[in-house]
Amino acid sequence: MDNKVLYSALLVILMVIGVEMAMRADWLQGPAEVYYDLWHQLAGQQYQPRHVAIVAIDDQTLREHQDEPLVFWSPHFARAIQVLRQAGARVIGLDYLFAISPESWLRKLNLPESEKSRTFDLPFREQLAAGRVVLAGNLAADAPEPEKVRLPLADYWGSLPGKLEDVGLVNLYNDPDGVIRRFVPVLPLGKGEAWVTFAQLLAERAGASAVGQPLVSPIGFAGPPGTIPRVSFQRLLLKGAAHDPKVQALKGKAVIIASEPTQLLDVHMTPYARSLLHFKVQMMSGAEIHANILETLFTGRFPRSVPAWVRLLFLGVVLALGTALFLILPPGRGLAALVGLGLGLVGLAYLLFRQSWIIPVAYPQAGLTLCYLGVLGMRLTGEERERARLRHIFGRYVSDDVVEKLVSSRKPPDLGGEALPVTVLFADIRNFTTLSERLSPHEVVEILNAYFSRACEPILEEGGSVDKFIGDAIMAVFGSPVANLDHARRAVRAALALAAVARDFGAFVTERFPAKELPAFAIGIGLHTGVAVVGNIGSPRRMEFTSIGDTVNTASRLEGLSKNLGWTIVASRETVEAAGAGVVTGGREELRVKGREEPVAVLEVMGLEPA
């Protein structure tokens with residue numbers, strides 16, 4: 001198996017394990033909850049509540065009874081409950097902590113007793129005793145005695161058929177960030193005791209089938225604040241209220257009576273209260289949260305997390321797909337794929353949310369990001385290693401641009417050897433023996449180094465590789481290690497430029513050694529195009545990347561003929577034809593060269609017409 005594939009498979013496995021561990025440890029709970037809240041805001045109202053309604057003590061109700069202290073409102077509550085019974089309400093919850101009654105308040109004033117003072121609450125107590133009513137209690141976290149329940153007045157809960165069993169706690173479950181997303185059916189009181197919460201108790205009294213949920217359950221919000229239908233408390237106090245169509249619409253519903261004036265203090269943060277994508281921040285009343293919990297219990301629309309095996313399978317598929325793309329695509333496109341996959345996960349998670357399924361987004365996104373960085377690190381490390389290797393092998397022969405092309409090429413050279421179409425150039429200094437006899441060894445080396453540094457430039461500029469220096473001769477190859485379809489034309493251009501370099505270098509030699517009576521500096525160049533074997537050739541202790549074969553030998557022989565022919569550049573017909581139109585030629589000959597039975601057609605290259 002390819003090392004990259006093996007490494008990638010290991011990377012995916014490690015990421016799946018790591019992401020699953022992070023999920024179970026809630027390391028990315030914050031981003032996960034941001035997505036969860038965003039889904040609620042994008043969805044808006046998800047469905048029309050059919051099982052719950054709120055009777056609101058609103059601004060209109062308070063204006064109508066502004067002269068009556070709330071402590072004396074028990075006849076109004078009695079009237080409202082009676083009307084709701086007549087309308088066919090399924091169960092009634094009073095989200096109001098009755099800590100004092102008119103009768104007890106009057107007794108504290110030590111006023112003379114009267115029939116009115118003794119029976120003021122009687123209609124209310126009678127309605128409580130008739131059943132299907134739940135009162136509210138509160139677990140006081142700041143009470144002197146820890147976990148103490150604040151109950152409604154004993155005169156009231158004592159009138160209930162189930163006594164304290166008909167009292168539910170209105171405390172709400174807050175996540176660590178203060179947002180209410182879930183609820184608990186019971187609240188522990190310590191010493192193994194627990195108390196049923198308000199909405200749970202209403203659902204049980206209404207006979208809802210979806211009760212008895214786990215300790216902490218997500219709330220299936222029907223929609224943002226205002227989604228739960230409301231009826232003004234004042235409508236229930238009017239004459240003939242039981243025949244009011246809006247009141248009759250409460251038939252079969254669980255009704256919560258609660259105080260909801262404009263300046264409401266009982267407001268809480270829910271998923272709709274987070275400022276995301278310029279959505280309006282909306283706080284929700286405690287009564288509406290209880291109503292949403294009730295609706296969730298009645299409908300069974302609990303947002304459910306996907307099973308663990310589905311989550312793991314999904315995570316593995318996503319990370320494997322992402323890693324495969326990151327391997328195939330260049331880093332820039334891989335980053336675009338990362339963004340695309342991340343957005344795709346967001347879209348998929350939102351669609352599943354609309355079906356009440358919760359699949360985490362932040363965790364697979366984090367896994368994809370780590371996989372991308374892992375593949376990028378693997379790629380960069382491998383490419384740098386390959387770059388260093390290719391620089392070591394080819395840095396002496398080709399330009400830096402060619403090395404970069406080799407590194408970025410999807411098909412690097414086969415160092416083991418391969419047959420490639422190339423053009424080979426040989427260039428030799430004429431009369432070098434005479435020149436070296438008239439100079440000291442140090443001066444000979446000086447001339448060769450100066451010449452070779454100039455001569456290599458046009459070769460490298462045309463994308464050729466300097467294969468080797470053979471004494472005073474240069475061997476260059478075009479078309480390897482980077483394949484170029486126009487390697488013959490590149491070789492012709494390099495040969496013409498090399499001839500110009502030699503002419504200029506002759507003036508340098510004359511100026512450098514004016515008293516040495518050196519022969520005129522000149523070179524001969526041979527060009528031939530054909531197939532050569534290219535690769536690492538040599539022994540384990542001395543290896544060299546070079547080209548061998550008939551094409552190389554023929555190019556060397558043509559360079560040797562240049563002096564006898566009197567031509568600077570001798571090119572085979574194969575090279576001239578492969579170079580294309582515009583090659584200016586002079587003499588033409590057919591000659592036999594050593595190592596070949598058939599004669600070789602050669603031409604003198606004089607120039608190259610502009611394209």
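The structure presented is a predicted model; accordingly, all values stated were derived computationally and were not measured.
Counting only heavy atoms from C-beta outward, the side chains of I359 and F314 approach each other to under 4.5 Å. A heavy-atom distance below 4.5 Å is not found between the side chains of I180 and M284. With contacts defined as side-chain heavy-atom distances shorter than 4.5 Å, the pair V134/L94 does not qualify. Two residues are said to be in side-chain contact when any heavy atoms from C-beta on lie closer than 4.5 Å; L341 and Q365 fail this criterion. The shortest distance between side-chain heavy atoms of D95 and I257 does not fall below 4.5 Å. Proximity of L62 to Q66: side-chain heavy atoms (C-beta onward) are nowhere separated by under 4.5 Å. When side chains are defined from C-beta on, E288 does not count as touching I256, because their heavy atoms never get closer than 4.5 Å.
Residue pairs meeting the ring pair (Phe, Tyr, Trp, His ring centres under 6.0 Å) criterion with at least one member in residues 221-247, sequence neighbours excluded: H40-F221, F77-F233, F221-Y272.
Of the options Q82, R85, R79, a side chain to side chain donor-acceptor pair (under 3.5 Å) to Q127 is made by R85 and by none of the others.
When all heavy atoms of P271 and V179 are compared, the closest pair comes out as N-CG1, 3.8 Å. Closest approach of F353 and A43 over heavy atoms only: CE2-CB, 4.1 Å. Of all non-hydrogen atoms in A222 and N292, the two that sit nearest each other are N-OD1, 2.9 Å.
Taking 4.0 Å as the cut-off between side-chain N and carboxylate O, E260 and R230 count as a salt-bridged pair.
Enclosure of atom CZ in R50 is not indicated, since only 12 or fewer non-hydrogen atoms of other residues, nucleotides or ligands lie within 6.0 angstrom. At most 12 non-hydrogen atoms from other residues, nucleotides or ligands lie less than 6.0 angstrom from CZ of R333. Heavy atoms from other residues, nucleotides or ligands lying under 6.0 Å from CD of E165 number 12 at most. Under a cut-off of 6.0 angstrom, the local environment of NZ in K163 is crowded, with over 12 non-hydrogen atoms contributed by other residues, nucleotides or ligands.
Side chain of Q282 to backbone of P224: no donor-acceptor contact under 3.5 angstrom is found.
Side chain to side chain, Q60 and E64 fail the donor-acceptor criterion of an N or O pair below 3.5 Å.
Under the 30°/60° scheme for interplanar angles, the aromatic rings of F124 and F98 are found to be tilted.
Evaluation of the ring-ring contact (aromatic ring centres under 6.0 Å, His included) rule for Y350 yields W39 as partners, not counting sequence neighbours.
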**Request:** Determine, step by step, whether D266 and S285 satisfy the side chain to side chain donor-acceptor pair (under 3.5 Å) criterion, reporting the C-alpha distance in whole Å, the side-chain angles of both residues, the deciding distance to 0.1 Å, and the verdict.
**Result:** CA-CA 6 Å; D266 182 25; S285 70; over 6 Å; no
**Request:** Mind running side chain to side chain contact (heavy atoms under 4.5 Å, CB included) on L169 and F198 for me, showing each step along the way?
**Result:** CA-CA 5 Å; L169 299 184; F198 186 67; over 6 Å; no
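Taking the centre and axis of the six-membered ring of Y36, the NZ or CZ atom of R181 falls outside the cone set by 45° and 6.0 Å.
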